[in-house]
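Okay, so here's the structure we're looking at.
Numbers restart at 1 for each chain; the letters A, B, ... are given by sequence-line order, proteins then strands. Predicted model only: the values in this text are computed from it and were never measured.
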Amino acid sequence: MNFQPISTNFFQQPTIQLAQNLVGQYLVHQHPDGLLVVKIIETEAYMGSEDRAAHSFGNRRTKRTEVMFGEPGLVYTYQMHTHTLMNVVSGPICKPEAILIRAGEPIVGHELMQQFRGTTAMKNWTNGPGKLSKALGVTMSFYGHHWTEKPLFIAPGPGVKELEIGPRVGIQNTGEAVDYPYRFSEKGHPMVSKYR
DNA sequence: CCTTCGATGGGCT
DNA sequence: GCCCATCGAAGGA
């Protein structure tokens, strides 16, 4: 298969819509040790200044959140404890919205993913945001990269049969935001990350 | 400075 | 379900 970056204007749709449409696309990393591809099966939208669960709530602008104020399609990586989490910057410039990529299904590069993840069962390689980054060999060095540029990019995928919508995971202490229906996943997929 | 706290994951009970 | 690794960001003094 020949994977090529999706067009730039794919990232110009409204954030909720983009979060939904990212489910079913491919995420490709042309890693020095081999090609790695997953189909995205779970995302979460973070709606910027209005969303108490977002790092950019209240337009908080710091070294970490700076990239969220940039153009849609940029890569926002950040550290959570010992893990790297991957986001797609969304919304117009200066509207700091983003989409967390939470889970994927291995398509190409199973051997390398297993090596990066250890010997656990395949269903545990990419069923969470930290695991996914590790399986794909993605680190903080991609902060500010663009998701249409090799070697790390989104490519058109097959989509999904049915989309499931629910509340986001792991955002206690964010008031009313805990129940916003901003989590999107492929219904019934065995590698969707845990429910809360 | 100093303290608190994670958009997590793995191990163990 | 509970514990905690491990560290930078955030926010207060």
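Residues M113(A) and V38(A) form a side-chain contact, since some pair of their non-hydrogen atoms from C-beta on lies under 4.5 Å apart. Residues K150(A) and P5(A) meet the side-chain proximity criterion, which asks for heavy atoms closer than 4.5 Å. Contact check for R183(A) versus S193(A): side-chain heavy atoms found under the 4.5 Å cut-off. Side-chain atoms of T15(A) and Y182(A), non-hydrogen and from C-beta on, never get closer than 4.5 Å to each other. Under the 4.5 Å side-chain criterion, counting only non-hydrogen atoms from C-beta, I154(A) is in contact with I40(A). Contact check for M191(A) versus P106(A): side-chain heavy atoms found under the 4.5 Å cut-off.
Rounded to whole angstrom, the span from the CD atom of Q172(A) across to the P atom of dG1(C) amounts to 12 Å. The distance between atom CD of E66(A) and atom P of dA10(C), rounded to the nearest whole Å, is 11 Å. Rounded to an integer number of Å, the gap from NZ of K134(A) to P of dT6(C) is 12 Å. In this structure, M68(A) places its CE atom 12 Å from P of dA7(B), rounding to the nearest Å.
Although no hydrogens or angles enter the test, the distance criterion places no donor-acceptor pair under 3.5 Å between the side chain of R102(A) and the main chain of R168(A).
With sequence neighbours left out, K134(A) forms a side-chain contact (heavy atoms from CB on, under 4.5 Å) with R117(A).
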Self-check item: Per-nucleotide protein contact string for nucleotides 8-13 of chain B (B base, S sugar-phosphate only, - none; heavy atom under 4.0 Å)
Solution: BSS---

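For residues 12-27 of chain A, proximity to DNA chain C is found at no residue, defined as any non-hydrogen atom under 4.0 angstrom from a strand atom.
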Practice problem: Verify side chain to side chain donor-acceptor pair (under 3.5 Å) between K131(A) and N127(A), making sure each step is shown before the conclusion. | Solution: CA-CA 7 Å; K131(A) 300 177 194 179; N127(A) 61 340; 3.0 Å; yes

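Screening W147(A), F3(A), F153(A) for a ring pair (Phe, Tyr, Trp, His ring centres under 6.0 Å) with Y26(A), the sole residue that qualifies is F3(A). With respect to H189(A), the side chain to side chain donor-acceptor pair (under 3.5 Å) criterion is satisfied by exactly one of E105(A), K161(A), E162(A), E164(A): E105(A).
Judged by distance alone, with hydrogens and angles left aside, H55(A) brings no side-chain donor or acceptor close enough to the base of dA9(C) to form a pair under 3.5 Å.
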Quick one: side chains of residues 67-78 of chain A, donor-acceptor pairs under 3.5 Å with protein atoms, not counting sequence neighbours, listed by atom name and distance.
residue : atom : partner : partner atom : Å
Y76(A)  : OH   : H55(A)  : ND1          : 2.8
T77(A)  : OG1  : Y143(A) : N            : 3.4

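Nucleotides dC5(B) and dC3(C) are separated by 16 Å at their P atoms, to the nearest Å.
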Return the polar atom pairs (N/O with N/O) between nucleotides 11-13 of chain C and the protein under 3.5 Å, or none.
none

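With a cut-off of 3.5 Å on both pairing distances, the Watson-Crick and G-U wobble pairs of DNA chain C assemble into stems of 3 or more at B:1-6 with C:7-12, B:8-12 with C:1-5.
L152(A) contributes atom CG, which lies 9.5 Å from atom CD of Q30(A) (distance to the nearest 0.5 angstrom).
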